[in-house]
Protein chains: 2
Amino acid sequence: MKKSEMKSEEIARLAGVSRSTVSRVINNYANVPPETRAKVMKVIQDHNYYPNVSAQVLAGKRARTLGLFLIEPGGVSSDILTNMLIVSVIENASSHGYYVLTHIIRDTADTDTIRSVREIFFQGRIDGGIFIGAADREPLIDDLIREGFMVGVMDQEQPIPCQPNRIAAIFNNTSGMKQAAAYLAELGHTRIGVINGDMNRLSGRTKYEGYMQAMETEGLKVNPAWVLGGSFHENSGCNAVKKLLHCEKHDLPTAIIAANDSVAFGAIRALKEHGLRVPDDMSIIGFDDHPLSARHHPALTTLQVDFSEMLGQLTSKLIARIEHPDEAIHDITAEYTLIVRESCRRI
Amino acid sequence: MKKSEMKSEEIARLAGVSRSTVSRVINNYANVPPETRAKVMKVIQDHNYYPNVSAQVLAGKRARTLGLFLIEPGGVSSDILTNMLIVSVIENASSHGYYVLTHIIRDTADTDTIRSVREIFFQGRIDGGIFIGAADREPLIDDLIREGFMVGVMDQEQPIPCQPNRIAAIFNNTSGMKQAAAYLAELGHTRIGVINGDMNRLSGRTKYEGYMQAMETEGLKVNPAWVLGGSFHENSGCNAVKKLLHCEKHDLPTAIIAANDSVAFGAIRALKEHGLRVPDDMSIIGFDDHPLSARHHPALTTLQVDFSEMLGQLTSKLIARIEHPDEAIHDITAEYTLIVRESCRRI
DNA sequence: CTGAAAGCGCTTACAG
DNA sequence: CTGAAAGCGCTTACAG
C-alpha cells in the first residue's frame, strides 16, 4: 500500500512556518501575505503534496463528493441515455472540483440495498446525492431528505411545502404532449393513441395527463382502447402494440404517441412484425430524441429534451446548495422541442 | 448540512462498554464474546449508527473506494459499451463492499487533468484505480504505478519485469484475427483487407499483428493498399472505406476485417453511400459484438468478447490485491468467439 | 499576520 | 476479554 510521507507538518517545517499557516494557504484564506503564500506554495508544489482528504473532512471540510444513484430495476443498463446522464453529472461536478461516487440500485425496496445507500450518506462519504429513475414518491429518498441530507432528484415533484434540501428537475410533459398532439392533428390525424410510461414515475403520470389535456385542446376524442400501458422500456412498446393489434384489429388509431423513443422503437418493431409500415400504415412519435432515433428506420419524429443540460444544471444547483445552504434555488424544468423526421405522415 | 450526532463514544456509553470494544465489534475482531457483540450490535442498529469513514480511514482503515478512469478523447462517450464497462465495475466493486469514484479523462497530456487524477490517488480518496482506454504506454499511469499505487488496466501490456501493483486485462487479438481470417477464407475469400484501430493502444497493435499472422497462416497475401488506418471509432471506418473506394476503384478486397464493430458500422455506411451492398458486394466482420450489432442491417458478423466478465474479473482482482498485497495474481486474457450473422457471404 | 493547542471520530498497540 | 491512551493529518477558534 502506498503511503505518502508528506504531510502538512513537513511542509510547514520546510517552508519555515506553522501548520496553521500551511492550512491557511491551502484553503486560500485572505490573511496570508503574498510572500508567505508564495513560499509555502513553492514547497507544496516542489514536494507534490496533496492534503489528506480524510483528515480534512474529519476536521470539518467538505468531502467534495456527490453520490449518483441510478435506479434501474431492469438488469444492466443497456441504454446510451443512461451513459449520457452519468457523464453529464460527472463532468459538471468535476468542473466544480467535485467527485462522483456512482451507485446502482436494482430494487429500492430491498433491505440490504436501502442499508447500503443510507450508509453512503451517513458515513460522510458524500456531501449530497442525485437520484435518477426514482418513483415519484420514494420512501428511501424521502427519509434521507427528512434526515437532512442534500439531494437532487430527476423527475420528482417538489412536495408542498417545498423542502430546502431537495432540488428537483422535471420535464414539461404537458407542453410536450401538446406539441405532439398538435403536430399530429395538423397532419390530419384524429385517431390518436398513446403508450404510457411507468405510472409510478412522475413523467409517466404527467405524460398521460398531458395526452388527455392535449386531446381535449385539439377537440379529439380519446378511445380508451387506444390508451396502452407501458413502462418506458422498448419491450413494453412492443407488447402494447401487439395487444392493440390483437384486440382492436378493425378499429385502430392512425397515430400513436409513445412515452419515449425506446417505447416507440418497440412499437415500430411490433408493427413491422405484423406487416404494418411506419409511417404508411401508422404514424409514431416518441419522446427524448434518443441518440439512436435519428438513425432509426424510419428516422423517428420525437420531442427532444436536453438531458445533459438538465443534469448539468441539477448538479450545479446541488453543489451550490451544499456550499451556500441558505441561497434560494429554483427547481429546473426542461422543455421539449419537436424534431420532425420520418415516422409520421399526413393523412 | 446534515451531521450525525451518533458516534462510537455514544454507542459505547449506551452499550456499557468502551470505544475500543465498539470498534472491535464493528471490525469483526475475534476476541469479543458473543453476548458483548450482540449487546453492542443492538445499540448500533437501534440508533442507525454508521461509523464515520473519514475517521476510519485516518485511523488506518481502507477507503473501500476504487477510482474508475475513463479515457475518452472524443467528447461525450456516446457508446453503450462504455456504459456496460462502468456498470460492470460498479456492480462488481459493490459486491465486495467497495464504492466507485468515476472520473473522465479527455486528454492524458493536459497538466490540469494529470494533476486532478494524481490528486485523487494522493489525497487518499481511493485504494486503487482502474484505467480504461489508455494508450499502451501511458506516463500518467506508469508514474502512479511507480509511486506505489494499485492499478488495474484494460488493454495494456504487462511490462517485464512485471509490477506487483499493476494488474492487466488484455484481449487475445491474435486468436480473434485468426478466427476472422479463417472464417473468411473458408467462405472463399482470398482478397481480405483490414481497418486498423488506434495504433497507440495495445489492441490496435495486436490486431494488426494478428491480421498479418492470420493472413500468412491462411496462405493469403496482404495487399498494403487494403491495410487501412483507423481509430476504433465509427467515423474512422467510414473514412477508411471512402479512401479505399477512391484510390483503389478497380482493385478492391472482397472482405474487410474491422478493428471493432463501430468501425464496421462506419465502413458499411460508407459502402452503402457508394451504392455497394453488404454482404453482396463486400463482406465485413467486426470485433466486440457491440450491443447494436445484432440489430444492425445487415446484422453484423463479429468476434464476441465478454466485457462484463473481463471487467468484473479485473475489479475483483484489484480488490483482492488491495486486501492481500502479497498474494500472487495472474493477468486476465479475454478470448473471442465468432458470432456468424449476415455481413459476410460465400464467394 | 501567525503559532500553540484543541478537536474532528475513529483504530490499535499496550497493559492488565 | 477489555479499557485508557496515543495517534491518524488536518482545521480553526483563540490569543497575541
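A note on names: the letters A, B, ... follow the listed sequences, proteins ahead of strands, and every chain is numbered from 1. All of these numbers come straight from a predicted model, not from anything done at the bench.
- A donor-acceptor pair is defined here as one N or O able to donate and one able to accept, closer than 3.5 Å; no such pair exists between the side chain of B:T21 and the backbone of B:V17.
- At least one side-chain heavy atom of B:T82 sits less than 4.5 Å from a side-chain heavy atom of B:E72.
- As rounded to whole Å, 14 Å separates atom P of C:dC10 from atom CZ of A:R125.
- Put simply, CG on B:N52 is 10 Å from P on C:dT11, counting in whole angstrom units.
- Summarising the geometry, the separation between CD on A:E9 and P on D:dC10 is reported as 9 Å, rounded to the nearest angstrom.
- Between A:M84 and A:S308, the shortest heavy-atom contact is CE-OG, 3.7 Å.
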Checklist entry - When you look at B:R64 and B:E323, which way does the side-chain contact (heavy atoms from CB on, under 4.5 Å) test go after all the steps? => result CA-CA 10 Å; B:R64 298 188 81 77; B:E323 307 201 326; 3.7 Å; yes
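- Rounded to whole angstrom, the span from the CZ atom of B:R19 across to the C1' atom of C:dC10 amounts to 7 Å.
- Of the candidates D:dG9, D:dG3, C:dC10, C:dC10 carries the atom nearest the B:Y49 side chain, counting heavy atoms from C-beta on.
- The phosphate of C:dC10 (OP1 or OP2) has a side-chain N or O of B:S8 nearer than 4.0 angstrom.
- For the P atoms, the distance from D:dA6 to D:dT2 is 23 Å, rounded to whole Å.
- At whole-Å resolution of the value, CD in B:E10 and P in C:dC10 are 11 Å apart.
- Only the P atoms considered, C:dA5 is 24 Å distant from C:dC1, to the nearest whole Å.
- No side-chain donor-acceptor contact under 3.5 Å links A:T36 and A:R24.
- Atom CZ of B:F122 is separated from atom C1' of D:dC10 by 18 Å (rounded to the nearest Å).
- Side-chain proximity of A:K7 to D:dC10, C:dG9, C:dT11: nearest is D:dC10.
- Side-chain atoms of A:S316 and A:N92 include a donor-acceptor pair closer than 3.5 Å.
- Taking only side-chain nitrogens and oxygens, A:K61 never comes nearer than 4.0 Å to OP1 or OP2 of C:dC8.
- For an aromatic pair to be called close, the ring centres must be under 6.0 Å apart, and B:F122 with B:F149 satisfies this.
- In this structure, the ring of B:Y50 has its center no less than 6.0 angstrom from the ring center of A:F121.
- With sequence neighbours excluded, the residues that form a ring-ring contact (aromatic ring centres under 6.0 Å, His included) with A:F131 are A:F69.
- Interface residues of residues 20-38 of chain A facing DNA chain D, ordered by number: A:S20, A:S23, A:R24, A:N27, A:Y29; criterion, heavy-atom separation under 4.0 Å.
- Comparing B:S18 and B:L58 against DNA chain D, the residue whose closest nucleotide sits nearer the 5' end is B:S18.
- A straight line from CD of A:Q123 to C1' of C:dC8 spans 17 Å, rounded to a whole angstrom.
- The CZ-P distance, from A:R13 to D:dC10, rounds to 15 Å in whole Å.
- Other residues, nucleotides and ligands place no more than 12 heavy atoms under 6.0 Å from the CD atom of B:E9.
- Counting only Watson-Crick and G-U wobble pairs whose two distances sit under 3.5 Å, DNA chain C takes part in these stems of three or more pairs: C:1-3 with D:14-16, C:5-12 with D:5-12, C:14-16 with D:1-3.
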